Amino acid sequence: MKKKVVIINGKGGVGKDTLCNIIGKKYAVKNVSSITPIKEIAKIGGWKGGKENKDRKFLADLKKLFIDYNDLPFLYLKREMESFLLNEYDVLFIHIREIEEIKRFLQYTTEKGIACKTLLVTREEEKNKIYGNCADDMVEQYDYDMVYENNMPLEQTEKTFMIFFEKNVLK
């Protein structure tokens, strides 16, 4: 199987990691997020892992500072991509919220000759939720290659998302 790269996005609580785990039941998946190094730094500063709006804004603001200062999130993703290409993984899911960062990573993969698709995950009950930060609140402002409506019970989602993924990503 040729390696596949998918930038996955969606508001908090729509099931992005659950969908990645579903694919991981059949394929060797690496699942990374551009916020990971920021979370590590935030923990040193007292962040306790919360997901409240205040926590989300703190992480989004801190990430923006590091993007402007030394591009830490992008450099982290580049290292993770290089690791993915050198290992036995089939699929790399990359979580990126910010539209400009999605565009930058797509440009990077294009320059490297790596096919990459974008996926927005939505859930009806989360569509109008406001988090108070541009990273979360602007996720639907990008023109994604694919959109998956994650509105079914988990058992049904396992079947339908695998079919969706194989049809739209592996084809």
Side-chain angles (χ1 to χ4, degrees), residues 1-36 38-39 42 47-64 73 76-77 80-81 84 89-106 109 114-171:
M1 175 179 151
K2 187 176 177 185
K3 291 179 178 277
K4 301 295 180 180
V5 179
V6 177
I7 295 173
I8 186 168
N9 201 0
K11 291 187 176 189
V14 298
K16 297 176 297 293
D17 283 318
T18 299
L19 297 176
C20 295
N21 292 337
I22 288 169
I23 300 306
K25 291 178 180 181
K26 186 171 179 180
Y27 300 97
V29 167
K30 183 171 185 153
N31 186 19
V32 300
S33 175
S34 62
I35 198 71
T36 298
I38 306 309
K39 285 182 174 180
W47 177 67
K48 305 235 184 292
K51 293 190 174 191
E52 300 298 318
N53 286 355
K54 175 176 139 179
D55 300 299
R56 290 179 178 280
K57 181 167 179 12
F58 170 64
L59 292 174
D61 290 349
L62 188 58
K63 183 177 179 186
K64 175 72 171 106
Y76 170 78
L77 291 179
E80 292 297 318
M81 171 70 88
F84 165 74
Y89 296 107
D90 300 315
V91 179
L92 174 63
F93 283 105
I94 303 173
H95 299 252
I96 306 175
R97 292 280 171 92
E98 303 83 1
I99 293 168
E100 290 306 313
E101 293 301 298
I102 292 170
K103 291 176 182 177
R104 285 185 67 214
F105 201 80
L106 283 171
T109 59
I114 302 163
C116 182
K117 292 192 173 188
T118 57
L119 168 63
L120 175 66
V121 180
T122 63
R123 179 173 282 156
E124 192 60 41
E125 64 222 36
E126 302 296 330
K127 278 195 175 183
N128 296 320
K129 193 169 187 179
I130 303 296
Y131 292 94
N133 72 79
C134 60
D136 286 298
D137 293 339
M138 301 296 288
V139 296
E140 294 185 16
Q141 302 304 310
Y142 184 79
D143 186 22
Y144 295 87
D145 298 314
M146 306 167 284
V147 177
Y148 182 78
E149 296 278 340
N150 189 16
N151 295 313
M152 295 173 265
L154 183 57
E155 184 178 297
Q156 196 174 355
T157 298
E158 289 197 16
K159 295 173 188 170
T160 61
F161 186 66
M162 186 63 74
I163 293 167
F164 174 91
F165 182 83
E166 289 177 338
K167 177 184 173 190
N168 292 287
V169 177
L170 301 184
K171 64 177 178 166

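As the structure is a prediction and not an experimental result, all values here were calculated from the model.
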(request) Ignoring hydrogens and angles, tell me if any N or O in the side chain of Arg97 forms a donor-acceptor pair with the backbone of Gly10 under 3.5 Å. (result) yes
(message) Strictly below 4.0 Å, N to O, side chains only: are Lys64 and Glu100 in salt-bridge contact?
(response) no
(request) Check the pair Glu158 / Lys25 against salt bridge (charged side-chain N to carboxylate O under 4.0 Å, His left out), numbers first and verdict last. (result) CA-CA 10 Å; Glu158 289 197 16; Lys25 291 178 180 181; 2.9 Å; yes
(message) Tell me if the CD atom of Glu125 is crowded by more than 12 foreign heavy atoms within 6.0 Å.
(response) yes
(request) Work out which heavy atom in Leu19 is nearest to a heavy atom in Tyr148; give both atom names and the distance. (result) CD1-CD2, 3.8 Å
(message) Quick check: closest heavy atoms across Cys20 and Ile8, and the distance to 0.1 Å?
(response) SG-CD1, 4.0 Å
(request) Decide yes or no on side-chain contact (heavy atoms from CB on, under 4.5 Å) for Trp47 and Leu59, but give the supporting numbers first. (result) CA-CA 9 Å; Trp47 177 67; Leu59 292 174; 3.6 Å; yes
(message) Under 4.0 Å between a side-chain nitrogen and a carboxylate oxygen: does that hold for Lys63 and Glu98?
(response) yes
(request) For the residue pair Val32 and His95, establish whether any side-chain heavy-atom pair is separated by less than 4.5 Å. (result) no
(request) Kindly indicate whether the side chain of Leu154, heavy atoms from C-beta on, has any atom under 4.5 Å from the side chain of Thr18. (result) yes
(request) Using atom types as modelled and distance alone, determine if a side-chain donor or acceptor of Asn133 lies under 3.5 Å from a backbone N or O of Asp136. (result) yes
(request) Using side chain to side chain donor-acceptor pair (under 3.5 Å) as the criterion, list what pairs up with Asn53, not counting sequence neighbours. (result) none
(request) Under the side-chain contact (heavy atoms from CB on, under 4.5 Å) rule, what do Asp90 and Val29 come out as? Steps first, then yes or no, please. (result) CA-CA 6 Å; Asp90 300 315; Val29 167; over 6 Å; no
(request) With rounding to the nearest 0.5 Å, note down the distance linking CZ in Phe84 to CG in Leu77. (result) 13.0 Å
(request) To the nearest 0.5 Å, tell me how far Thr109 OG1 sits from Met81 CE. (result) 6.0 Å
(message) Distance check, rounded to the nearest 0.5 Å: Arg104 atom CZ versus Ser34 atom OG?
(response) 11.0 Å
(request) For residues 160-171, pull every pair meeting salt bridge (charged side-chain N to carboxylate O under 4.0 Å, His left out), keeping only residues two or more places apart or in separate chains. (result) Lys26-Glu166
(request) Keeping to residues at least two apart or across chains, list the salt bridge (charged side-chain N to carboxylate O under 4.0 Å, His left out) pairs with something in residues 3-12. (result) none
(request) Hey, can you tell me if Phe165 and Tyr27 have their rings parallel, tilted or perpendicular (30° and 60° cut-offs)? (result) tilted
(request) Examine distances only and state if a side-chain atom of Thr118 and a backbone atom of Asp145 form a donor-acceptor pair shorter than 3.5 Å. (result) yes
(message) Restricting to non-hydrogen atoms, name the atom on Phe58 and the atom on Ala42 that form the minimum distance, rounded to 0.1 Å.
(response) CE2-CB, 3.5 Å
(request) Measure from the side-chain N and O atoms of Arg56 to the backbone N and O of Lys51, and report whether any donor-acceptor pair falls under 3.5 Å. (result) yes
(request) Look up atom CG in Leu106 and atom CD1 in Ile114, then write down how far apart they are to the nearest 0.5 Å. (result) 11.5 Å
(message) Between Glu126 and Arg123, does any NZ, NE, NH1 or NH2 come within less than 4.0 Å of an OD or OE carboxylate oxygen?
(response) no
(request) Could you pull out all residues at least two apart from Asn168 that satisfy side chain to side chain donor-acceptor pair (under 3.5 Å)? (result) none
(message) Any non-hydrogen side-chain atom of Met146 less than 4.5 Å from a side-chain atom of Val169?
(response) yes
(message) Would Lys30 and Val91 count as a side-chain contact (heavy atoms from CB on, under 4.5 Å) here? Give the steps.
(response) CA-CA 6 Å; Lys30 183 171 185 153; Val91 179; over 6 Å; no
(message) Tell me whether Asp137 contacts the main-chain N or O of Ile130 through its side chain, where contact means a donor paired with an acceptor under 3.5 Å.
(response) no
(request) Quick one: list whatever passes salt bridge (Lys or Arg N to Asp or Glu O under 4.0 Å) with Lys57, sequence neighbours left out. (result) Asp61
(message) List the residues meeting salt bridge (Lys or Arg N to Asp or Glu O under 4.0 Å) with Lys54, not counting sequence neighbours, and say none if there are none.
(response) none
(request) Of all the heavy-atom pairs spanning Ala115 and Val5, show the shortest one and how long it is. (result) O-CB, 3.7 Å
(message) Side chains of Tyr144 and Asn9: any donor to acceptor distance under 3.5 Å?
(response) yes
(message) Using side-chain heavy atoms (C-beta onward) and a distance below 4.5 Å, is Asn150 in contact with Thr157?
(response) yes
(message) Using 0.5 Å steps for rounding, measure from the CG atom of Leu92 to the CG atom of Asn31.
(response) 8.5 Å
(request) Kindly indicate, with the supporting measurements, whether the criterion side-chain contact (heavy atoms from CB on, under 4.5 Å) is fulfilled by Phe105 and Lys103. (result) CA-CA 6 Å; Phe105 201 80; Lys103 291 176 182 177; over 6 Å; no
(request) Heavy atoms only: give me the nearest Ile38-Pro73 pair and the separation to one decimal. (result) CD1-CG, 4.1 Å
(message) With rounding to the nearest 0.5 angstrom, report the CZ to CD1 distance, Phe164 to Ile23.
(response) 9.5 Å
(request) List the atom of Cys116, the atom of Ile7, and the distance in Å for their closest heavy-atom pair. (result) SG-CG1, 3.7 Å
